[in-house]
Amino acid sequence: MVERRVVLHFPENLIDQPIVSRMVREFSLEFNILRANITPQQEGLMVLGLAGKRVDVDKALRWARQQGVSVQPLEKNVVRNESVCTHCGACVVVCPTAALWKDPETQDVIFDPDKCIACELCVPVCPPRAMEVAF
Amino acid sequence: MAKTYAEINEKIRKGQAVVVTAEEMIDVVADAGIRKAAKQVDVVTTGTFAPMCSSGAFLNFGHTDPRMKVQHAWLNGVPAYGGLAAVDLYIGATVVAEDDPLNTEHPGEFRYGGGHVIQDLIAGNDVRLVAEGYGTDCYPRKRLDTWLNLKDLNQAFLCDPRNCYQNYNVAVNLHAERDIYTYLGVVKKDLGSANYCSAGQLSPLLNDPYYKTIGIGTRIFLGGAQGYVFWEGTQHDPTVARSENGVPKGGAGTLAVVGDMKAMEPKWIVGVSMLGYGASLAVGLGIPIPILNEEMARYTAVKDEDIVAAIVDYSRDYSHNEGRPLGHVSYKELKSGSITIKGKQVPTVSLSSYPRAREIAAILKEWIKAGDFELTEPVQLLPSADSGQTFKNLKERPASQEGR
């Protein structure tokens, strides 16, 4: 089993096609949509987490490319500089995937990198600038 | 029955003082009751860590050769105030570099300002000083460009005119069609967030609501060092509405504080950038409260559920001094992660770090237990609820049409 996060760009003519559905069904993958939207230019963008056998994940991505979908690995990572974070909580409100959240018991701000889609919204919102983009 | 400062300090010197944090005091009183708790406990420590915009530092860097009377000065590109004698400067927390794009591309990032200069100095980093003077017979030099380091300064003291707000507003966004960018962070549109900033039950002035022990001369934890309260803070407003337990329902008392930067640590004095708003300084501050009597034991046992804050619209009401609070909400509710406003579940956002506040209260407790920190009796108390003192907005008397 492997897990991989990818960014899929759908050209306008593919937006109404059940690409992801066929990918996961035909190649027996599990998927998790981390982010999806359609741009004003009518292109689709999806950040997808895929899990399955390595060979199946590779095949599925190759198939998607053949359909005209551009596939890029999610290369950027947002990391938290632990020595800079003060655990205030200013970031929590802008995180679209709840990768940043506040533990109600301890009031610590928890960062869950697995849920992060590297949208970078937290980067300028963090008052001491603890969230950094890593390539 | 009642204890004196001298008696408590005697116990501190002997290593016999019973010191608990404001969090622990809640349990002590719940278990033992007010009367026993007042007898058992000598000191309750508090703490808070949050952006406190009305902060700054005085620096004296010593005479140049030849001597110079500094008129304009910049520290790492950030303007410092030089209208003091020859080589004294004041750097305010919220001033930004002269080439900062500000909000020209909204929301501006305000990446480096006075607060960052102060943190850099405390961290031991070299800071570049550029200065200009007009030249006099006794101070002929006109230009200076040099590196400064905190260790070489004659004096460097943090001197904050308003810190440690006793309670604060909870900001919401009712009217704007977009998120708004405030000193309380990003406030999401359509009642999308409720932003608050207080340590609640750990906050110093919420544990001494009538300023019965915190006053001029009170020794405190400031930025990791020992500092002092030197005056009431600006906008000190002791006569606001209070709950039955005496705790103000909104922003009330404030403190002016001072401390030696050379003894501070960059963990507790942190330059911050508030997106779309400006630069500032997060300050770590803690105050020990002597349990002189049962009254102080009762005050220091205050819990988050007994402290309420006013919910204020920051998309119109706050900016235009209009409207009324949408209601009040307790810190227990705020810290739960969401509150209900107008039937809607609204996520809460804190700008104050409760984990850091807790750490400060614990450090102060250890200092006192180790005998390294004795309590001081204020040389003068601050104006309290019976003073009649209020905070007034400006009553404009327009001097020209341009100011409108």
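By convention in this document, chain letters (A, B, ...) are assigned in the order of the sequence lines, proteins followed by strands, and residues within each chain are numbered from 1.
If you measure heavy-atom distances from B:Ser336 to chain A, the contacts under 4.5 Å come from the backbone alone. For chain B, the nearby part of A:Cys126 is the backbone; its heavy atoms alone come within less than 4.5 Å. Proximity to chain A (any heavy atom under 4.5 Å) is restricted, for B:Lys188, to the side chain, taken from C-beta onward. Of the atoms belonging to B:Phe49, it is side-chain heavy atoms, and not backbone ones, that fall under 4.5 Å from chain A. Of the atoms belonging to B:Ser273, heavy atoms from both backbone and side chain fall under 4.5 Å from chain A. Only the side chain of B:Val270 has a heavy atom closer than 4.5 Å to any heavy atom of chain A. Proximity to chain A is limited to the side chain of B:Tyr196, based on heavy atoms less than 4.5 angstrom apart.
From A:Lys102, atom NZ reaches atom CD1 of A:Ile110 across 10.5 Å, with rounding to the nearest 0.5 Å. How far SG of A:Cys116 is from CZ of A:Arg80: 11.5 Å, rounded to the nearest 0.5 Å.
Below 30°, between 30° and 60°, or above 60°: for A:Phe27 and A:Trp63 the angle between ring planes is between 30° and 60°, a tilted geometry.
For B:Tyr112 and B:Asp120, the side-chain atoms include at least one donor-acceptor pair closer than 3.5 Å.
Between A:Arg4 and A:Asp58 there is a salt bridge, since at least one side-chain N of the basic residue sits less than 4.0 Å from a carboxylate O of the acidic one. The residues B:Glu265 and B:Lys267 are annotated as not salt-bridged, no charged nitrogen and carboxylate oxygen being separated by less than 4.0 angstrom.
Of the residues considered (B:Gly185, B:Gly337, B:Ser352, B:Gly276), B:Ser352 shows the highest number of contacts with chain A, using heavy-atom pairs under 4.5 Å.
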